[in-house]
Amino acid sequence: MRIVQNVWKQDSPVTRRKERKAMRKLERSAPMRRRTPFMLTLLTLALLTACTGKPGDTTPQPEQPPAPHVETPPTEQPKYAYTAPFTGLGSPVKLEQRPIMVMINNAPAARPQSGLNQADLVYEVLAEGEMTRFLAVFHSQRPDVIGPVRSIRQYFIEIGVGLDAVLVHAGGSPEALATLARSDYSHLDEIPNGRYFWRESFRNPPHNLYTKPDLIEQAIRDKGMRTNSDLPRMSFLPADAEITGGEPASQIDITFHRLNKAAFQYDKEKKKYLRLTDGKPHLDLTTGEQLSATNVLVIAARHRVLDKEGRRQVDVVGPGDGYLFEQGMARKIKWKRQGGIIRAYEDAAMTKELPLLPGNTWVEIVPNAPSLSHYVKYQ
């Protein structure tokens, strides 16, 4: 009886009305459920459209061609119509003016000096006290400052006159001053011509005397000195020449005295010998650059001490023995001054001159006794 009563309740009119009402509610919510996946699809397409620009565009895009490879042409060296007579390097103008040779102090208190790196030629030779002087020849370049300027010696005059240079100095030995007084050699002595020089306060005298090309040229005009010259000529190799003969010499050591040692180290990248003095890089005071040379010519010459002050007589005419250092190589040479220039020769008869590489040259003059090898070593 209890079971029949439950079945009846499940199938009663009230129950059926509740079921129909629930079904209608379910049917009304069905479209919303069917629209939900569709709306998600539209949202996805909208996002794709924002990223790609074209909804549903599956057409493959053509590949962009690679950027063309453009080779940078090598930088051409400028071509000049003229050649600097003392360096063999190109010059935009013809250099006919007389060179200027300045006597520069090399005492420790005078280092570092100014202007040496812009000299076409530098001669280094002993003076008194086992110290050397630099005879700096300026022609194709103009440094801002030159100095410290020091006194002149007889053999300095001989080198400068061979170049037809205007000699710039501050006093000199009795022999040198007597030679200048009785000759017509063009020279500028600071002692009676102080307005063409000045002294700096950061050094003590006599290591503080300076000048510059503008002042020297003004003095040349004021004194009516000859300005043009039939310059001596030097021989040079082509710019791309390579030195193949000789022995390796990336390090050159020159001992003028146990307290006065110079050296040159070859720099392959710069293709120059870098100067050292007493084991330290020898710098230019004005530019801060290390002094350097394309060619280093070391010659042995007769030296004789003349007086108790240690003044010397040095043979700068020759002949004699020496070494020519270029591109990290050393060649044994003979030397003599010919046509105003100290030149290197490859043969004992000195008939075959050795041309230099285009660039600046340093000439190191050492005593010939006891021997060249006593003063110069290389490896």
Side-chain angles (χ1 to χ4, degrees), residues 99 101-107 110 119 121-137 148-191 206 232 254-262 296-323 333-345 350 361-376:
M101 190 173 86
V102 185
M103 319 305 143
I104 296 182
N105 194 354
N106 193 34
L121 299 167
V122 177
Y123 296 85
E124 183 174 15
V125 60
L126 282 164
E128 301 83 56
E130 306 301 335
M131 281 293 117
T132 54
R133 295 272 167 89
F134 296 125
L135 319 182
V137 180
V149 181
R150 284 292 274 146
S151 56
I152 199 166
R153 299 292 178 268
Q154 177 66 27
Y155 45 101
F156 300 1
I157 296 174
E158 294 176 37
I159 292 173
V161 169
L163 301 169
D164 194 26
V166 176
L167 311 175
V168 181
H169 60 103
S173 66
E175 182 185 12
L177 293 177
T179 297
L180 293 174
R182 65 173 178 262
S183 70
D184 60 353
Y185 297 152
S186 297
H187 72 102
L188 179 65
D189 186 352
E190 178 268 341
I191 292 176
I254 303 170
T255 302
F256 291 99
H257 184 266
R258 62 182 179 84
L259 299 177
N260 184 8
K261 297 179 180 181
V296 179
L297 176 60
V298 182
I299 63 172
R302 292 191 303 273
H303 285 56
R304 185 165 68 92
V305 177
L306 299 176
D307 53 31
K308 62 181 181 180
E309 283 78 15
R311 297 188 183 98
R312 286 178 165 84
Q313 181 183 70
V314 179
D315 175 18
V316 293
V317 177
D321 296 323
Y323 293 106
I333 59 97
K334 293 288 185 180
W335 73 272
K336 69 176 179 179
R337 196 178 76 188
Q338 180 70 33
I341 298 282
I342 293 176
R343 304 175 190 270
Y345 297 87
M350 290 178 287
T361 300
W362 280 52
V363 180
E364 303 288 333
I365 304 175
V366 301
N368 65 346
S371 65
L372 175 61
S373 60
H374 175 80
Y375 296 98
V376 184

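The structure displayed is predicted, hence computed values, not measured ones.
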Student: Would you say the side chain of V166 lies within less than 4.5 Å of the side chain of M101, judging by non-hydrogen atoms?
Tutor: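 They are not in contact (no side-chain heavy atoms under 4.5 Å apart), so the answer is no.
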Student: Kindly give the heavy-atom pair with the smallest separation between Y123 and V137, and that separation in Å.
Tutor: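 Heavy atoms only, the tightest pair is CE1-CG2, 4.2 Å.
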Student: To the nearest 0.5 angstrom, please state how far the CD1 atom of I342 sits from the CD1 atom of I159.
Tutor: 5.0 Å
Student: Report the distance from atom CG of D315 to atom CG of N368, rounding to the nearest 0.5 Å.
Tutor: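 Those atoms lie 8.5 Å apart.
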Student: Would you confirm whether R312, through its side chain, and V305, through its main-chain N or O, come within 3.5 Å as a donor-acceptor pair?
Tutor: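 Checking the backbone N and O of V305 against the side chain of R312, no donor-acceptor pair under 3.5 Å is found.
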Student: Atom CD1 in I365, atom OG1 in T132: separation rounded to 0.5 Å?
Tutor: 11.0 Å
Student: Please give me the minimum heavy-atom distance between P319 and M350, naming the atom from each residue.
Tutor: CB-CE, 3.5 Å
Student: A side-chain contact here means heavy atoms from C-beta on lying under 4.5 Å apart; do N106 and E124 qualify?
Tutor: yes
Student: Is the backbone of G171 close enough, under 3.5 Å, to the side chain of D189 for a donor and an acceptor to pair up by distance?
Tutor: yes
Student: When rounded to the nearest 0.5 angstrom, what is the spacing between NZ in K334 and NZ in K336?
Tutor: 12.5 Å
Student: Can you measure from CE (M103) to CG (L135) and round to the nearest 0.5 angstrom?
Tutor: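 Separation between the atoms: 6.0 Å.
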Student: Would the distance check show the side chain of H257 and the main-chain N or O of T255 forming a donor-acceptor pair, the cut-off being under 3.5 Å?
Tutor: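 Not confirmed, H257 side chain does not pair with T255 backbone.
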Student: Quick one: does W335's side chain have a donor or acceptor within less than 3.5 Å of a partner on A300's backbone?
Tutor: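 Between the backbone of A300 and the side chain of W335 there is a qualifying donor-acceptor contact (under 3.5 Å).
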Student: Drop me the distance from T179's OG1 to E175's CD, to the nearest 0.5 angstrom.
Tutor: 5.5 Å
Student: Would you say V366 and L126 make side-chain contact, with heavy atoms under 4.5 Å?
Tutor: no
Student: So V314 and V125, side chain to side chain contact (heavy atoms under 4.5 Å, CB included) or not? Walk me through it.
Tutor: CA-CA 9 Å; V314 179; V125 60; 4.3 Å; yes
Student: Is any side-chain heavy atom of P367 closer than 4.5 Å to one of H374?
Tutor: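 No, too far: nothing below the 4.5 Å cut-off.
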Student: Report yes or no: do R343 and Q338 form a side-chain donor-acceptor pair below 3.5 Å?
Tutor: no
Student: To check you understand the geometry: which heavy-atom pair defines the closest contact between P206 and N105, and what is its length?
Tutor: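 Result for this residue pair: O-ND2, 4.5 Å.
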Student: Looking at R153 and E158, does any basic side-chain N land under 4.0 Å from a carboxylate oxygen?
Tutor: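 Salt bridge flag = no for E158 with R153.
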Student: With A176, which residues qualify under side chain to side chain contact (heavy atoms under 4.5 Å, CB included), at least two apart?
Tutor: I152, I157, S173
Student: How close do F256 and Y375 get, heavy atom to heavy atom, and via which atoms?
Tutor: O-CE2, 4.3 Å
Student: Quick one: do V149 and E190 satisfy side chain to side chain contact (heavy atoms under 4.5 Å, CB included)? Show the steps, please.
Tutor: CA-CA 9 Å; V149 181; E190 178 268 341; 5.8 Å; no
Student: Taking all non-hydrogen atoms of both residues into account, name the closest pair between L167 and G160 and its distance.
Tutor: CD2-CA, 3.7 Å
Student: As a test of understanding, state which of L297, I299, I254 forms a side chain to side chain contact (heavy atoms under 4.5 Å, CB included) with E364.
Tutor: I254
Student: How close do Y155 and A127 get, counting heavy atoms only, and between which atoms?
Tutor: OH-CA, 3.7 Å
Student: Do H187 and H169 come within less than 4.5 Å of each other through their side chains, counting heavy atoms only?
Tutor: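 A side-chain contact exists here, since the closest heavy-atom pair is under 4.5 Å.
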Student: Kindly determine whether W362 and F134 satisfy ring-ring contact (aromatic ring centres under 6.0 Å, His included), including the steps that lead there.
Tutor: CA-CA 10 Å; W362 280 52; F134 296 125; 5.5 Å; yes
